[in-house]
Amino acid sequence: MASRVSALAKPRGVWWEGLGRDERLWVWLVVIWGIAMFVMIAFVWPLVGQEQNRLSSYRVDPAAFVAEAEAFIARYQVGQLDGIPVVAPPPGGDVYLDARAFAWQPVIQLQRGQTYRFLISSRDVQHGFSLVMPPHSINVQVLPGYVTVLTLTPEKAGEFPLICNEYCGLGHHLMIGRIVVTE
Amino acid sequence: MTAATAMRRCEITGLSVDRSAERLIMLNAVTAVVYLAIGGILALLIALTRWQTVHLLSPQRFYEFVSTHGMVMLIFWILFFEVAGLIFASTVLLSARMVIPWLSWVAYGMMFVGSVVATVLMLSGKATVMFTAYPPLRAETHWYYAAVLVFAVGAILAVVHFFANIVAARLRGDVGSLPLFTFALMGAAIIALWSLVSGALALFPVWLWALGVLPEVDPGIYRLLFWGLGHGAQQVNLAAMVGVWYGLASLTTGARPLNEGLSRIAIVLYVLFINMGAMHHLLVDPGLGTWVKNVNASYFMYAAVMGSLIHAFSIPASMELALRERGFRRGLFEWLRRAPWGEPGFAALVVSMVLFGLLGGISGVIIGGPQVNMISHNTLLIPAHFHMTVVAGTTTAFMGISYYLVPLIFQRQLLFRRLAQWQPYVFGLGMLILGLGLGLAGHWGVPRRHWDITFSTAPALGMNLQELRPEIAAFLAMVGIGGVIAVVGGAMFVLVAVATVFVGQRTPRPAVGRIIPEAFSPYPAIAGGAGEPATTTHRGFEVPGTLVISVAFLILFIFLYGFSWFELSRVPWKIG
């Protein structure tokens with residue numbers, strides 16, 4: 001058996017030796033656990049889970065995105081809240097969400113149980129889409145020049161604050177929007 | 001200049017110490033501790049602002065201080081300390097000379113100037129762009145980016161010098177196999193090189209953009225390159241911390257790694273796979289496909305997690321064996337009860353391993369999965385994770401080894417030993433409360449880097465998150481209280497270190513606790529106890545106590561991992 005030396009000293013001679021019984025047991029447990037975690041993420045959850053990370057995205061010119069979002073607002077606006085347009089898109093339709101320092105626009109009114117495709121982008125700096133429903137939240141990154149595409153199905157009615165969780169300037173803490181889910 | 005005048009022989013360890021290496025270790029270590037103190041003061045103010053009831057700072061000051069705190073702690077404190085460690089591991093520990101002293105002076109000079117300029121600009125509100133400096137958010141002055149780049153190039157030079165020292169020692173025939181400590185730092189240095197280059201590649205175009213040379217910078221590509229540094233630098237800390245863990249185990253209990261080869265393979269796993277951790281920050285980014293995220297963040301990443309789990313077993317196992325050899329053989333855990341709990345290095349080792357493993361490591365694996373990341377990205381869970389790894393883990397370990405290396409390198413008597421004995425426990429308690437507070441608040445949806453989650457000043461649509469769920473206020477109070485305790489613990493370390501360096505009694509033979517000269521010697525005497533050779537004392541398992549602890553840890557890991565999926569399934573919206 002090779003001699004063992006302190007971690008601070010230069011080992012002399014041959015120090016390579018086979019694993020003992022204890023180490024072999026532990027290494028096997030660890031390898032199995034690592035594989036189990038990968039299988040969970042790559043295969044099990046995609047089959048059984050209701051919450052999937054299947055974001056898609058495309059590049060966009062920020063000005064073009066703003067124009068599309070404004071057309072969307074003009075088409076489906078149903079009212080105003082605190083001076084921000086409230087929009088009720090058709091069930092199953094696209095929802096444009098326009099981020100800028102320091103506001104989310106528009107306020108979105110959804111129906112419970114319907115599926116919507118969110119198209120989210122920023123017209124200036126990076127922002128963070130964070131829909132807060134304590135004790136949980138749903139978070140995706142929002143970059144200027146990219147559209148983050150996220151499919152969401154609200155299954156609970158209520159008013160949900162939409163906050164920014166990527167630092168976007170000195171008014172970062174002023175940036176809040178809202179999603180309203182009706183029955 | 002002959003080697004004889006440039007080297008001194010350490011009376012305690014018997015190592016030959018190159019005097020120019022020693023001076024540079026001192027300089028880098030002192031600079032590191034100064035940055036730690038600055039970052040600690042900022043930490044206190046930030047924690048007392050996130051504690052919503054106290055809400056100390058104004059928004060502008062808060063964002064300035066969060067920016068500075070991140071940079072000073074994650075980069076400056078840690079890297080200056082690591083450069084000191086790299087010099088130590090590549091010269092002193094090998095009894096080898098420093099081959100190009102001027103290179104280390106140039107490296108130090110660049111790191112010093114770059115870090116001072118960056119810190120001043122951040123503190124004065126000229127670069128309130130956070131540690132991440134994501135474009136197109138732009139610092140007021142392009143000098144900020146230039147300063148960080150100068151620092152990065154300096155750090156690259158320091159790392160290159162580390163390799164030069166080792167290659168030279170090898171060529172001179174001074175060293176065959178490296179000590180495990182140096183081997184771990186070699187792993188850290190390889191990761192550091194690639195991280196720093198990645199960071200420089202991210203920041204250089206941003207600097208040109210700030211100068212007006214480039215019209216724009218792609219924010220998605222910047223994020224990919226930046227996190228090569230942002231997360232990569234933390235993997236440097238991980239590898240260095242593991243080296244320090246092995247070192248502390250040897251220093252305080254006389255431990256000798258159970259299986260030299262296995263420990264080294266685990267370090268090689270870090271080098272090969274851990275940079276994939278950079279992908280953790282991009283899991284909910286646009287621009288990347290599902291399989292890029294899956295494969296990098298889980299498949300390859302878990303090879304590095306295996307490395308950590310091997311160390312989590314090997315280090316306590318080597319201590320168990322050493323203590324059993326000293327005669328503490330009864331039952332599963334006599335060795336643990338009789339371990340040197342009053343020794344600051346051992347206390348720091350245990351606090352560091354427990355908090356890093358239980359909270360830092362497990363939380364990292366959980367939030368590093370692409371699905372669970374959707375309910376944790378950019379919430380306070382992220383700072384919870386990295387405060388448990390970099391602060392409770394790495395920083396505590398670095399503090400622990402300082403209690404030995406500071407007296408030995410500065411040749412001063414350690415002052416306030418009682419304070420040093422309590423320091424790791426106080427610091428660890430504060431970090432534990434802080435980490436749980438941050439983590440719970442984050443899980444409840446509280447964002448990171450945010451001044452006011454009550455939205456009291458929002459011009460429209462304001463909603464108070466604390467009113468949605470009142471327990472959030474309690475979690476944020478834990479952040480404040482834990483932060484205060486941790487800062488007290490940190491201040492205890494700074495006090496001991498500064499007092500020792502500047503007013504400790506000069507002596508060539510400082511008292512360094514239970515340090516065993518043979519910790520530095522390749523010829524271990526059979527220590528204490530009955531002196532029976534270790535190989536014949538067991539019939540069953542060699543380290544049963546450690547196996548029980550490790551399996552219990554793995555069970556907790558599996559439980560928390562399962563629980564995170566349960567929590568994801570409870571999100572009241574369907575996603576994807």
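Here is the naming used below: chain letters follow the sequence lines, and residue numbers restart at 1 for every chain. Just so you know, these numbers come straight off a predicted model, no measurement behind them. Note that these values count all heavy atoms, side chains included, but never hydrogens, waters or copies made by symmetry.
Although no hydrogens or angles enter the test, the distance criterion places a donor-acceptor pair under 3.5 Å between the side chain of B:N259 and the main chain of A:G18. Without hydrogens or angle criteria, A:Q141 side chain to B:L282 main chain gives no donor-acceptor distance under 3.5 Å. A distance-only check finds no donor-acceptor pair linking the side chain of B:S250 to the backbone of A:S6 [under 3.5 Å]. A donor-acceptor pair under 3.5 Å is absent between the side-chain atoms of A:N53 and the main chain of B:M374, judged by distance alone. In this structure a side-chain-to-backbone donor-acceptor pair under 3.5 Å is missing from B:D452 to A:H173. One N or O on the side chain of A:W26 and one on the backbone of B:L309 form a donor-acceptor pair closer than 3.5 Å. A donor-acceptor pair is defined here as one N or O able to donate and one able to accept, closer than 3.5 Å; no such pair exists between the side chain of B:T290 and the backbone of A:R54. Put simply, the side chain of A:D82 gets close to the backbone of B:L461: a donor and an acceptor are under 3.5 Å apart. Judged by distance alone, the side chain of A:K10 and the main-chain N or O of B:L94 form a donor-acceptor pair under 3.5 Å. A:Y146 contributes no side-chain N or O that, together with a main-chain N or O of B:P219, makes up a donor-acceptor pair within less than 3.5 Å.
Interface summary for chain A: among B:F181, B:F183, B:F557, the most heavy-atom pairs under 4.5 angstrom belong to B:F557. Heavy-atom pairs under 4.5 Å with chain A were tallied for B:V543, B:V551, B:V305; the largest tally goes to B:V543. Considering only heavy-atom pairs separated by less than 4.5 Å from chain A, the leading option among B:G462, B:G254, B:P459, B:G369 is B:G462. No other option in B:Q60, B:K293, B:H443, B:E216 has as many heavy-atom pairs under 4.5 Å with chain A as B:H443. Counting heavy-atom pairs closer than 4.5 Å to chain A, the top residue among B:P447, B:S318, B:A303, B:S177 is B:S177. Options B:A249, B:G576, B:P572 differ in how many heavy-atom pairs under 4.5 Å they form with chain A, and the most are formed by B:P572. Of all the listed residues (A:S56, A:P154, A:G34), the one sharing the greatest number of non-hydrogen pairs under 4.5 Å with chain B is A:P154.
Taking the six-membered ring for Trp and thresholds of 30 and 60 degrees, B:W565 and A:W45 have ring planes inclined between 30 and 60 degrees apart. A tilted orientation is assigned to the rings of B:W291 and A:F43, their planes being inclined by 30° to 60°. Using the six-membered ring where Trp is involved, A:Y167 and B:Y63 have ring planes that are tilted, between 30° and 60° apart.
Side-chain contact check for A:H136 versus B:E567: some heavy-atom pair is nearer than 4.5 Å. In this structure the side chain of A:L8 reaches within 4.5 angstrom of the side chain of B:L251, judged on heavy atoms. When side chains are defined from C-beta on, B:I575 counts as touching A:L152, because their heavy atoms get closer than 4.5 Å.
Between B:G287 and A:S57 the shortest heavy-atom distance is N-OG, 2.6 Å. Between A:P161 and B:L468, the shortest heavy-atom contact is CG-CD1, 3.8 Å. When all heavy atoms are compared, the tightest approach of A:P135 to B:R570 is CG-NH2, 4.4 Å. Residues B:P135 and A:Q126 share a closest heavy-atom pair of O-NE2, 3.0 Å. Residue B:P257 comes nearest to A:R4 through the heavy atom pair O-CD, 2.8 Å, listed as atom of the first residue, atom of the second, then distance. Closest approach of A:E166 to B:N378, counting heavy atoms only: OE1-ND2, 2.9 Å.
Contacts of A:I32 with chain B are absent, with no heavy-atom separation under 4.5 Å from either backbone or side chain. Interface residue B:I558: backbone and side-chain heavy atoms are both found under 4.5 Å from chain A. Using a 4.5 Å cut-off between heavy atoms, B:V365 touches chain A through its side chain atoms alone. When heavy atoms are compared at a cutoff of 4.5 Å, B:N464 does not approach chain A at all. If you measure heavy-atom distances from A:L131 to chain B, the contacts under 4.5 Å come from the side chain alone. Within the 4.5 angstrom heavy-atom criterion, only backbone atoms of B:L178 (N, CA, C, O) approach chain A. Contact of B:S263 with chain A is not made at all, since no heavy-atom distance falls under 4.5 Å. For chain B, the nearby parts of A:I41 are the backbone and the side chain; heavy atoms of each come within less than 4.5 Å. In this structure, the portions of B:S550 lying under 4.5 Å from any heavy atom of chain A include both its backbone and its side chain. With a threshold of 4.5 angstrom between heavy atoms, A:V48 does not approach chain B through any atom at all. Contacts between B:A519 and chain A at a heavy-atom distance below 4.5 Å involve backbone atoms as well as side-chain atoms. With a 4.5 angstrom heavy-atom cutoff, A:I176 touches chain B via backbone and side-chain atoms both. Heavy-atom distances place no part of B:E64 under 4.5 Å from chain A, backbone and side chain included. Heavy atoms closer than 4.5 Å to chain A are found nowhere in B:I366, neither backbone nor side chain. Only the side chain of A:L25 comes within contact range of chain B, with at least one heavy atom under 4.5 Å from a heavy atom of that chain. With a 4.5 Å cut-off on non-hydrogen atoms, B:Y246 touches chain A through its backbone and its side chain both. Neither the backbone nor the side chain of A:R112 comes within less than 4.5 Å of any heavy atom in chain B. Contacts between B:R138 and chain A at a heavy-atom distance below 4.5 Å are absent for every atom of the residue. Residue A:M37 touches chain B through both its backbone and its side chain, counting heavy-atom pairs closer than 4.5 Å. Interface residue B:Y302: only side-chain heavy atoms are found under 4.5 Å from chain A. Only the side chain of A:V27 comes within less than 4.5 Å of a heavy atom of chain B; its backbone N, CA, C and O stay farther away. A:V181 touches chain B through its side chain: at least one heavy atom from C-beta onward sits under 4.5 Å away, while N, CA, C and O do not.
Remark: B:Q371 CD to A:E51 CD distance equals 10.0 Å, nearest 0.5 Å. To the nearest 0.5 Å, atom CD1 of residue B:I265 and atom CG of residue A:L19 are 7.5 Å apart. Rounding to the nearest 0.5 angstrom, the gap separating the CD1 atom in A:I138 from the OG atom in B:S376 is 12.5 Å. Here CG of B:D285 is found 7.5 Å from OG1 of A:T148. Values are rounded to the nearest 0.5 Å. Of the inter-residue distances, the one linking A:E155 atom CD with B:K574 atom NZ reads 5.0 Å to the nearest 0.5 angstrom. Note that the CZ atom of B:F313 and the CG atom of A:D22 stand 5.0 Å from one another [nearest 0.5 Å].
Taking the six-membered ring for Trp and the full ring otherwise, the centers of B:F62 and A:H172 sit at least 6.0 Å from each other.
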Open item on the list: Run A:I179 and B:W573 through side-chain contact (heavy atoms from CB on, under 4.5 Å) and show every step you take.
Closed with: CA-CA 12 Å; A:I179 296 182; B:W573 287 42; 3.8 Å; yes
- [ ] Start with the C-alpha distance between A:S137 and B:T379, add both sets of side-chain angles, then the distance that settles side-chain contact (heavy atoms from CB on, under 4.5 Å), and finish with yes or no.
- [x] CA-CA 9 Å; A:S137 59; B:T379 66; 3.7 Å; yes
